[in-house]
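To keep things clear, I will list the structure first and then write my remarks on it.
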2 protein chains.
Amino acid sequence: MFFLKELPTRQMIQGYAKQHSMEIVDSVETALLMMRQASLLVRQIEAYFSDHDTSQLRFLILIVIDREPERDSLLVSEISDRIDVSRPVMTRTLQSMVDEKLIVMKADQSDRRAKQVSLTEKGCKFLESVLPGYFDVICKFMMDLKK
Amino acid sequence: MFFLKELPTRQMIQGYAKQHSMEIVDSVETALLMMRQASLLVRQIEAYFSDHDTSQLRFLILIVIDREPERDSLLVSEISDRIDVSRPVMTRTLQSMVDEKLIVMKADQSDRRAKQVSLTEKGCKFLESVLPGYFDVICKFMMDLKK
DNA sequence: GGTATTTAGTTATCATGATAACTAAATTTT
DNA sequence: AAAATTTAGTTATCATGATAACTAAATACC
């Protein structure tokens with residue numbers, strides 16, 4: 001997250017940067033603006049999911065399992081390949097989602113270390129129920145940006 | 001932070017969004033890309049500061065005090081006006097920065113509830129020492145983006 | 001001038017990110 | 001086939017974000 005409310009002016013960036021090339025000042029300005037806007041959007045998204053007693057990470061886990069063509073389960077390692085949080089965070093989050101009955105986990109047949117994760121009926125329904133609002137939050141934010 | 005590594009294709013977004021207007025699909029795609037890129041950059045920045053035994057928040061606190069024209073201290077509340085983290089996080093972070101001797105805090109004369117925060121010599125030097133690398137990280141990231 | 005409200009900052013507690021160190025199973029190497 | 005390494009996932013612990021509830025001082029209201 002990037003927490004600075006008022007971004008530095010170009011002049012200020014120029015003052016701090018040792019090399020004063022326009023290109024560098026430009027790219028720093030663009031980067032700061034991108035981080036700030038993304039942070040504001042991420043906050044709105046997290047607030048949306050928090051209102052629905054969940055989190056963006058839980059949502060992403062549901063969606064990567066759901067969007068997999070021709071499969072109805074993924075290994076924990078496959079989910080981790082698609083979402084870059086650390087393994088312990090993945091373990092903990094999956095456990096909470098099992099508790100909430102959004103997913104089920106069962107031992108893999110061919111590799112006894114591995115675990116198959118699949119959506120429950122409840123998880124599927126829940127994903128469908130939060131998706132429209134998720135798009136709404138993003139669209140509304142992007143509309144406001146254009147103004 | 002936005003953790004999804006492979007963003008959904010336009011088709012996939014279209015499949016999930018109830019309304020299929022191009023505009024909506026477009027803005028969702030743009031937003032996801034922005035959040036993903038910003039997250040990657042923020043991670044690099046945090047890694048950079050972590051290598052220097054500090055954090056982006058500490059850096060931002062130093063810089064908002066430093067960049068204030070005609071003043072060499074700010075009230076905690078003024079720092080909070082400029083950086084949107086919660087007050088308890090601000091309190092805790094300022095305390096750690098006092099422990100590290102990057103800043104000093106003293107009671108305000110006119111308002112006995114308030115505290116003036118100013119940079120120490122060490123804090124000033126430290127800020128100067130990390131600034132070039134900070135710009136480097138951002139510039140390098142933005143260069144790679146263009147490719 | 002006394003009561004009520006607001007403002008400044010802190011403390012306690014929780015949620016969620018990380019890394020390091022671990023167990024157990026699979027795989028590679030020799 | 002035994003030993004070494006890699007891979008899958010977990011546990012323990014820490015860092016850093018949040019909110020709720022608090023103290024104390026300043027300000028507003030009557």
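Sequence lines set the chain letters: A, B, ... in the order given, protein chains first and strands last, and positions in each chain run from 1.
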To the nearest Å, give me how far apart [atom1] ([X]) and [atom2] ([N]) are.
| X | N | atom1 | atom2 | result |
| --- | --- | --- | --- | --- |
| Lys115(B) | dT7(C) | NZ | C1' | 15 Å |
| Gln95(B) | dT16(D) | CD | P | 14 Å |
| Asp108(B) | dA8(C) | CG | P | 11 Å |
| Met105(B) | dA8(C) | CE | C1' | 11 Å |
| Arg92(B) | dT19(D) | CZ | C1' | 13 Å |
| Leu94(B) | dT16(D) | CG | P | 14 Å |

Inset, instruction - Sugar-phosphate means primed atoms, P, OP1 and OP2; the rest is base. With that split, encode nucleotides 23-29 of chain D 5' to 3' as B, S or - using protein heavy atoms under 4.0 Å. - result: -BBS---
Inset, instruction - Name all residues meeting the side-chain hydrogen bond (donor to acceptor under 3.5 Å, both in side chains) criterion together with Ser129(B); count only those two or more places apart in sequence or in a different chain, and write none if there are none. - result: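 By the side-chain hydrogen bond (donor to acceptor under 3.5 Å, both in side chains) rule, Ser129(B) matches no residue at all.
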Legend entry - Residues touching DNA chain D, which here means a heavy atom under 4.0 Å, drawn from residues 57-90 of chain A: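 When residues 57-90 of chain A is checked for heavy atoms under 4.0 Å from DNA chain D, the hits, listed by number, are Val76(A), Ser77(A), Arg87(A), Pro88(A).
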Legend entry - Close residues, residues 33-55 of chain A, relative to DNA chain D [heavy-atom separation under 4.0 Å]: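 Within this stretch, Arg43(A) sit under 4.0 Å of the strand.
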Any residue meeting side-chain contact (heavy atoms from CB on, under 4.5 Å) with [X], in chain and number order, not counting sequence neighbours:
| X | value |
| --- | --- |
| Glu128(B) | none |
| Glu6(B) | Arg67(A) |
| Thr30(B) | Met142(A) |
| Glu78(B) | Arg71(B), Leu74(B), Leu75(B), Arg82(B) |

Legend entry - Residue pairs, two or more places apart or on separate chains, that pass side chain to side chain donor-acceptor pair (under 3.5 Å) and touch residues 118-127 of chain A: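 Qualifying pairs, neighbours excluded: Glu121(A)-Lys125(A).
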Which donor-acceptor pairs under 3.5 Å do the side chains of residues 86-93 of chain A make with protein atoms, sequence neighbours left out?
unit_1: Arg87(A); atom_1: NE; unit_2: Ser80(A); atom_2: OG; d: 3.2
unit_1: Thr91(A); atom_1: OG1; unit_2: Arg87(A); atom_2: O; d: 3.2
unit_1: Thr93(A); atom_1: OG1; unit_2: Val89(A); atom_2: O; d: 2.7

Inset, instruction - Report, as yes or no, whether the 6.0 Å neighbourhood of atom CE on Met12(B) holds more than 12 heavy atoms from other residues, nucleotides or ligands. - result: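 Counting other residues, nucleotides and ligands, CE of Met12(B) exceeds 12 neighbours.
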Legend entry - By ring-ring contact (aromatic ring centres under 6.0 Å, His included) - contacts of Tyr134(A) (at least two apart):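 Residues passing ring-ring contact (aromatic ring centres under 6.0 Å, His included) with Tyr134(A): Phe49(A), Phe59(A).
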Legend entry - Thr91(B) side-chain N/O to dT10(C) phosphate OP1/OP2 under 4.0 Å: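 Thr91(B) to dT10(C) OP1/OP2: side-chain N or O found under 4.0 Å.
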Inset, instruction - Run the salt-bridge test on Arg10(B) and Asp26(B) with the 4.0 Å N-O cut-off and return the result as yes or no. - result: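 A salt bridge is present here (some side-chain N lies under 4.0 Å from a carboxylate O).
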Legend entry - All salt bridge (Lys or Arg N to Asp or Glu O under 4.0 Å) counterparts of Glu100(B), not counting sequence neighbours: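 By the salt bridge (Lys or Arg N to Asp or Glu O under 4.0 Å) rule, Glu100(B) matches Arg58(B).
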